[in-house]
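Numbers for residues simply follow the sequence, beginning at 1.
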Amino acid sequence: GGNIVSNATCFSPDGRTLYHADSHAGVIRAFDYGLDGSITQERVFVDTRPDGSGPDGATVDAEGCVWVALVLAGKVARYAPDGRLLRTLSLPVSYPTCPCFGGADLDTLFVTSIRDSGNALRSTDPAAGALVTVTGLGVRGLPKVPFAGLPPPSA
């Protein structure tokens, strides 16, 4: 058990579902997330291996869909809240690593990539390591909410 390559942690728009990528296992797991910080009801949200890669970094859009970098496939995928694959975007870099939404309207998808991971992934492609921007997707991201700490324990 346990994670070998732990990656993305992100939350549904209502903050009640936590998503976590386990890259080595090739899955994103979902958990119920409680207001007290409890994490329960672990389940496989999606197995990304049939889509060509284990999952890497991920983010959630305002519609509750999960965007994940498929690092070995050179793509980013969007999964519905029920785990259905909705779309994939092929990117001009070999190893995309982490998507996030930004820009004034949170409607630009930014995706980091790898030139040299320091171990298994290296690319001589001139675009390797670049930050990719994708516009015109028709969706927006969620504003980041800083963690304010857990409530004090009940007396």
Chemist: Is there a donor-acceptor contact under 3.5 Å from the side chain of Arg87 to the main chain of Leu85?
Modeler: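 Pair absent, no side-chain N/O of Arg87 close to backbone of Leu85.
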Chemist: Using a 3.5 Å distance criterion without hydrogens, assess whether the side chain of Arg140 forms a donor-acceptor pair with backbone atoms of Asp105.
Modeler: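 At least one qualifying donor-acceptor pair exists.
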Chemist: Is a side-chain N or O of Thr17 found less than 3.5 angstrom from the main chain of Ser12, in a donor-acceptor match?
Modeler: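 No, because the side chain of Thr17 does not come within donor-acceptor range (under 3.5 Å) of the backbone of Ser12.
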Chemist: Is there a donor-acceptor contact under 3.5 Å from the side chain of Asp36 to the main chain of Ser38?
Modeler: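 Yes, because the side chain of Asp36 sits within donor-acceptor range (under 3.5 Å) of the backbone of Ser38.
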Chemist: To check you understand the geometry: which heavy-atom pair defines the closest contact between Ala69 and Cys98, and what is its length?
Modeler: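 Scanning both residues completely, I find the closest heavy atoms to be CB-N, 3.9 Å.
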Chemist: How many angstroms lie between atom CD1 of Ile28 and atom OG1 of Thr48, to the nearest 0.5 angstrom?
Modeler: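 That separation rounds to 6.0 Å.
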Chemist: I'd like to know if the side chain of Ser113 and the backbone of Pro96 have a donor-acceptor N/O pair within less than 3.5 Å.
Modeler: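 No; judged by distance alone, with no hydrogens or angles, the pair does not exist.
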Chemist: What do you reckon, are the aromatic ring centroids of Tyr33 and Phe11 less than 6.0 Å apart?
Modeler: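 Close enough - the centres of the two rings lie under 6.0 Å apart.
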Chemist: Taking all non-hydrogen atoms of both residues into account, name the closest pair between Ala62 and Leu142 and its distance.
Modeler: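 Result for this residue pair: CA-CD2, 3.6 Å.
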Chemist: So does Arg16 have more than 12 non-hydrogen atoms from other groups sitting under 6.0 Å from CZ?
Modeler: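 Count not over threshold, so no.
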Chemist: Within the 4.5 Å heavy-atom criterion, are Glu42 and Leu18 side-chain neighbours or not?
Modeler: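 Counting from C-beta outward, Glu42 and Leu18 never come under 4.5 Å.
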Chemist: Taking all atoms of both residues into account, what is the closest heavy-atom pair of Ser23 and Asn7, and its distance?
Modeler: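 In this case the closest contact between Ser23 and Asn7 is OG-ND2, 2.7 Å.
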Chemist: Is Arg29 paired with Asp22 through a side-chain N to carboxylate O contact shorter than 4.0 Å?
Modeler: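 The answer is yes: the pair qualifies as a salt bridge.
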Chemist: If you compare all heavy atoms of Cys65 against all heavy atoms of Ala80, which two are closest, and at what distance to 0.1 Å?
Modeler: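 Closest pair (atom of Cys65, atom of Ala80, distance): SG-CA, 3.9 Å.
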Chemist: If Ile, Leu, Val, Met, Phe, Trp and Tyr residues are connected whenever their side-chain heavy atoms lie under 4.5 Å apart, and connections chain through other members, are Leu70 and Val46 in the same group?
Modeler: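 Yes, because Leu70 and Val46 connect within a single hydrophobic cluster, where side-chain heavy atoms sit under 4.5 Å apart.
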Chemist: To which residues is Leu137 joined in a hydrophobic cluster, defined by side-chain heavy-atom contacts under 4.5 Å among Ile, Leu, Val, Met, Phe, Trp and Tyr, whether direct or through other members?
Modeler: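 Traced through the cluster, Leu137 reaches Trp67, Val76, Leu89, Leu91, Val93, Phe101, Leu109, Val111, Val132, Val134, Val139.
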Chemist: Out of curiosity, Cys100 SG to Lys144 NZ, how far, rounded to the nearest 0.5 Å?
Modeler: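 It is 6.5 Å, given to the nearest 0.5 Å.
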Chemist: Determine yes or no for a side-chain-to-main-chain donor-acceptor pair under 3.5 angstrom, with Ser53 supplying the side chain and Leu72 the backbone.
Modeler: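 Checking the backbone N and O of Leu72 against the side chain of Ser53, a donor-acceptor pair under 3.5 Å is found.
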Chemist: Can you list the steps and then say if Gln41 with Phe31 is a side-chain contact (heavy atoms from CB on, under 4.5 Å)?
Modeler: CA-CA 5 Å; Gln41 300 299 313; Phe31 303 83; over 6 Å; no
Chemist: Any chance you could lay out the side-chain contact (heavy atoms from CB on, under 4.5 Å) test for Asp61 and Arg78, step after step, and finish with the verdict?
Modeler: CA-CA 9 Å; Asp61 66 28; Arg78 182 183 191 225; 2.9 Å; yes
Chemist: Quick test of your reading of the model: are Asp51 and Lys75 salt-bridged, counting only N-O distances below 4.0 Å?
Modeler: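 Here Asp51 does not pair with Lys75 in a salt bridge, since their nearest N and O are not under 4.0 Å apart.
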Chemist: On a heavy-atom basis, which atom in Phe45 and which in Pro81 lie closest, and how many Å separate them?
Modeler: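 Distance-wise, the nearest heavy atoms are CE1-O, 3.3 Å.
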Chemist: Is there a side-chain contact between Tyr79 and Arg84 (heavy atoms, below 4.5 Å)?
Modeler: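 SC-SC contact between Tyr79 and Arg84 ruled out.
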Chemist: List for me each residue that meets side chain to side chain contact (heavy atoms under 4.5 Å, CB included) alongside Thr97, sequence neighbours excluded, and say none if there are none.
Modeler: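 Per chain and number, Thr97 pairs via side chain to side chain contact (heavy atoms under 4.5 Å, CB included) with Asp56, Val71, Thr112, Ile114.
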